[in-house]
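Written below as structure tokens is the structure these notes are about.
Please read all numbers here as calculations on a predicted model, not as lab measurements. Below, each value reflects all heavy atoms present in this structure, side chains not excepted, and no hydrogens, waters or symmetry copies.
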Amino acid sequence: MSDLHDKTVTELAAALRARQVSSVELTQALLERVTRHQGALNAFITISAEGALLEAARADARLGANDAGPLTGVPMAHKDLFCTRGEKTTCGSRMLADFVSPYDATVVERLRAAGVVMLGKTNMDEFAMGSSNETSFFGPVKNPWDPARVPGGSSGGSAAAVAARLVPAATGTDTGGSIRQPAALCGVTGLKPTYGRVSRYGMVAFASSLDQAGLITRSAADAALLLGAIAGFDERDSTSVELPVPDYSAALEQPLKGLKIGVLKEFFDTGLDPAIEQHIRAALELLRSQGALIKDVSLPNLPLSVPTYYVVAPAECSSNLARFDGVRYGYRCKKPTDLLDLYLRSRGEGFGAEVKRRIMTGTYVLSAGYYDAFYLKAQRVRQLISNDFERAFHEVDVVIGPTTPTAAFELGAKTADPVTMYLNDIYTIGANLAGLPAISLPCGLTQGLPAALQIIGPHFGEERLLNVAHRYQLETDWHRRAPPGFA
Ligand code: GLN
């Protein structure tokens, strides 16, 4: 079979079951691609050739014995903050550069049980803090559409790998946009599920009330298939929700007639690239022609989401990252003189600049005297933003807007000014603050770079999001376009 690398998960699953290709052949072909493009893209931190081939052989045995599920033998990669037994989990940090987890994250465990083959661990912003993948200790990832540009972050390695056809799908995590934003900048599909829909167990914590595991794929249909495998209650994560997991693939084709779509007024007000706006308006027209009803909705508190997030997320990170103390695991400085020196130098040498900035901001907003002025106020505004969304979902079924204000920017363009970098998350953060599911889809090209639209739904509304996304992808081919040189 040719063009294996260009096939979606759904297509590969069918080819494996029809024995048109074996999992070992597929794994070898993709490993060769991963290795060939590693120098140019830096999408991976660990390439797990040996483990992958063993898993593939096991998958082939299951396929041969008719003991296979729909994902058996399909290769994937994991963002390097999902714990994986036997392979490093670095979180893109010097702090964990040599850390090997003794257990699998629930997401990894479920995909392994489904027979998915793990090709490796993808590069990311350090501890998932970033919007450009430039904070990784292992160097930046390059955008396959233009290697002088960023892939977005923090799941930039996953998005670049899926866009460059190195893997058909990869996991990601989204605390303030880290699945949707890199998916948008790399021209692939990124799904952030509802908070609580997918277990966070074994996902190294950044900001626990916002972090959510999800998927980067080349189609909404693939995201549906994979979400079914990773979603569901996990007693090891007390915030995972005990709700049955629907058959996401079954609802994909549902007609859009009568669907009420809200166009998010605030998302079109501020600094949106006109070329991206045009592509989104065209997408809305297409959805209207399929019977959807389009109306404007306003979420007046949404413009406060960036400052709110940049209080809440650093506060939680300052607490979560306190565990990296040079004692239990992770980086330890050389020859500490006493306990305090051990703490200070291990953390000082182990963490990069952005992580330190967040820890300091977080510690400040939580400190006595400032707690009420910053942290408590941010929590209140967070509630107002949630209420805005809730009101909107009384009127419409989903809301649509852009994922990012611009297409991929040049490497280094925003590294000198953290606030400019943070503003890149302006359209994605709202869904995290409110715990809502959201999906980003490619909807055009502007000067040769992908543009994306975002669909946000009510809690546990993944079926509807995937349905709208799939119907859009049935009528368009933006998601089928490969970056030049990677087809
Ligand atoms: N870019 C945002 C940040 O830097 C979001 C990151 C994320 O979703 N992990 O915090």
**OP:** Using the six-membered ring wherever Trp is involved, compare the ring planes of F351 and F127 and label them parallel, tilted or perpendicular (cut-offs 30° and 60°).
**Re:**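 F351 vs F127 ring planes: perpendicular.
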
N/O donor-acceptor pair under 3.5 Å between [X] side chain and [Y] backbone:
{"X": "D174", "Y": "G214", "answer": "no"}
{"X": "T308", "Y": "A378", "answer": "no"}
{"X": "T89", "Y": "S101", "answer": "no"}
{"X": "D222", "Y": "T217", "answer": "no"}
{"X": "S346", "Y": "C333", "answer": "yes"}
{"X": "E266", "Y": "L302", "answer": "no"}
{"X": "Q181", "Y": "G153", "answer": "yes"}
{"X": "S199", "Y": "T106", "answer": "no"}
{"X": "T8", "Y": "E11", "answer": "yes"}
{"X": "R149", "Y": "A407", "answer": "no"}

**OP:** Just do the side-chain hydrogen bond (donor to acceptor under 3.5 Å, both in side chains) check on Y331 and E349 with the steps written out, would you?
**Re:** CA-CA 8 Å; Y331 179 82; E349 294 163 18; 2.6 Å; yes

Original post:
Who pairs with F460 by ring pair (Phe, Tyr, Trp, His ring centres under 6.0 Å), at least two apart in sequence or on another chain?
Top reply: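 Per chain and number, F460 pairs via ring pair (Phe, Tyr, Trp, His ring centres under 6.0 Å) with no residue.
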
Original post:
Who passes ring pair (Phe, Tyr, Trp, His ring centres under 6.0 Å) against F409, sequence neighbours left out?
Top reply: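 If we apply the ring pair (Phe, Tyr, Trp, His ring centres under 6.0 Å) test to F409, skipping adjacent residues, there are no hits.
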
Measure the spacing between [atom1] of [X] and [atom2] of [Y] and express it to the nearest 0.5 Å.
{"X": "L264", "Y": "I455", "atom1": "CG", "atom2": "CD1", "result": "11.5 Å"}
{"X": "I385", "Y": "R382", "atom1": "CD1", "atom2": "CZ", "result": "9.0 Å"}
{"X": "L111", "Y": "T171", "atom1": "CG", "atom2": "OG1", "result": "7.5 Å"}
{"X": "I426", "Y": "T404", "atom1": "CD1", "atom2": "OG1", "result": "11.5 Å"}

Original post:
Can you check side-chain hydrogen bond (donor to acceptor under 3.5 Å, both in side chains) on S136 and N123, steps first, answer last?
Top reply: CA-CA 7 Å; S136 171; N123 201 346; 2.7 Å; yes

Looking only at side chains, do [X] and [Y] share a donor and an acceptor under 3.5 Å apart?
{"X": "S154", "Y": "N133", "value": "no"}
{"X": "E87", "Y": "S48", "value": "yes"}
{"X": "T420", "Y": "K414", "value": "no"}
{"X": "Q383", "Y": "N387", "value": "yes"}
{"X": "T84", "Y": "D104", "value": "no"}

Any salt bridge between [X] and [Y], counting N to O under 4.0 Å?
{"X": "K377", "Y": "D372", "value": "no"}
{"X": "K260", "Y": "D397", "value": "no"}
{"X": "R358", "Y": "E354", "value": "yes"}

Within the structure provided, determine whether [X] and [Y] are in side-chain contact (heavy-atom separation under 4.5 Å).
{"X": "L16", "Y": "S23", "answer": "yes"}
{"X": "M421", "Y": "E134", "answer": "yes"}
{"X": "P102", "Y": "R85", "answer": "no"}
{"X": "Y309", "Y": "Y422", "answer": "no"}
{"X": "L227", "Y": "E462", "answer": "yes"}
{"X": "L366", "Y": "S318", "answer": "yes"}
{"X": "L215", "Y": "I230", "answer": "yes"}
{"X": "T194", "Y": "L436", "answer": "no"}

side-chain contact (heavy atoms from CB on, under 4.5 Å) partners of [X], counting only residues at least two apart:
{"X": "A452", "answer": "A184, T403, S440"}
{"X": "P483", "answer": "P144, W145, A163, R165, F486"}
{"X": "P168", "answer": "V9, L12, L30, V74, R218"}
{"X": "S367", "answer": "Y370"}

**OP:** Apply side chain to side chain contact (heavy atoms under 4.5 Å, CB included) to the pair T90 and F138, showing each step before the final yes or no.
**Re:** CA-CA 10 Å; T90 72; F138 301 91; 3.4 Å; yes

**OP:** Can you run down the ring pair (Phe, Tyr, Trp, His ring centres under 6.0 Å) pairs that involve residues 69-92, sequence neighbours left out, and say none if there aren't any?
**Re:**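 Sorted result for residues 69-92: empty, none.
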
With sequence neighbours excluded, residues passing salt bridge (Lys or Arg N to Asp or Glu O under 4.0 Å) with [X]:
{"X": "R328", "result": "D325"}
{"X": "E55", "result": "R112"}
{"X": "R332", "result": "none"}

Original post:
Please, which pairs that meet salt bridge (Lys or Arg N to Asp or Glu O under 4.0 Å) have at least one residue in residues 118-133, sequence neighbours excluded?
Top reply: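 Output for this query lists D80-K121.
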
**OP:** Any pair with a residue in residues 191-205 that passes salt bridge (Lys or Arg N to Asp or Glu O under 4.0 Å), sequence neighbours left out, goes on the list, sorted by first then second residue, please.
**Re:**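 Qualifying pairs, neighbours excluded: R200-D237.
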
Original post:
Between M76 and V117, does a side chain to side chain contact (heavy atoms under 4.5 Å, CB included) hold up when you go through it step by step?
Top reply: CA-CA 6 Å; M76 266 182 83; V117 172; over 6 Å; no

**OP:** Start with the C-alpha distance between I429 and L433, add both sets of side-chain angles, then the distance that settles side chain to side chain contact (heavy atoms under 4.5 Å, CB included), and finish with yes or no.
**Re:** CA-CA 6 Å; I429 280 174; L433 290 171; 3.6 Å; yes

Original post:
So, Y201 versus Y103, ring centres under 6.0 angstrom or not?
Top reply: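 Centroid separation for Y201 and Y103: below 6.0 Å.
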
Subject >> side-chain hydrogen bond (donor to acceptor under 3.5 Å, both in side chains) assessment of R180 paired with N432 >> reply: CA-CA 11 Å; R180 290 160 286 155; N432 300 81; 2.6 Å; yes

**OP:** Take I439 and V468 through the side chain to side chain contact (heavy atoms under 4.5 Å, CB included) test and state the conclusion after the steps.
**Re:** CA-CA 10 Å; I439 190 166; V468 180; over 6 Å; no

**OP:** Evaluate the criterion side-chain hydrogen bond (donor to acceptor under 3.5 Å, both in side chains) for residue pair D211 and T173; output intermediate values, then yes/no.
**Re:** CA-CA 7 Å; D211 295 344; T173 62; over 6 Å; no

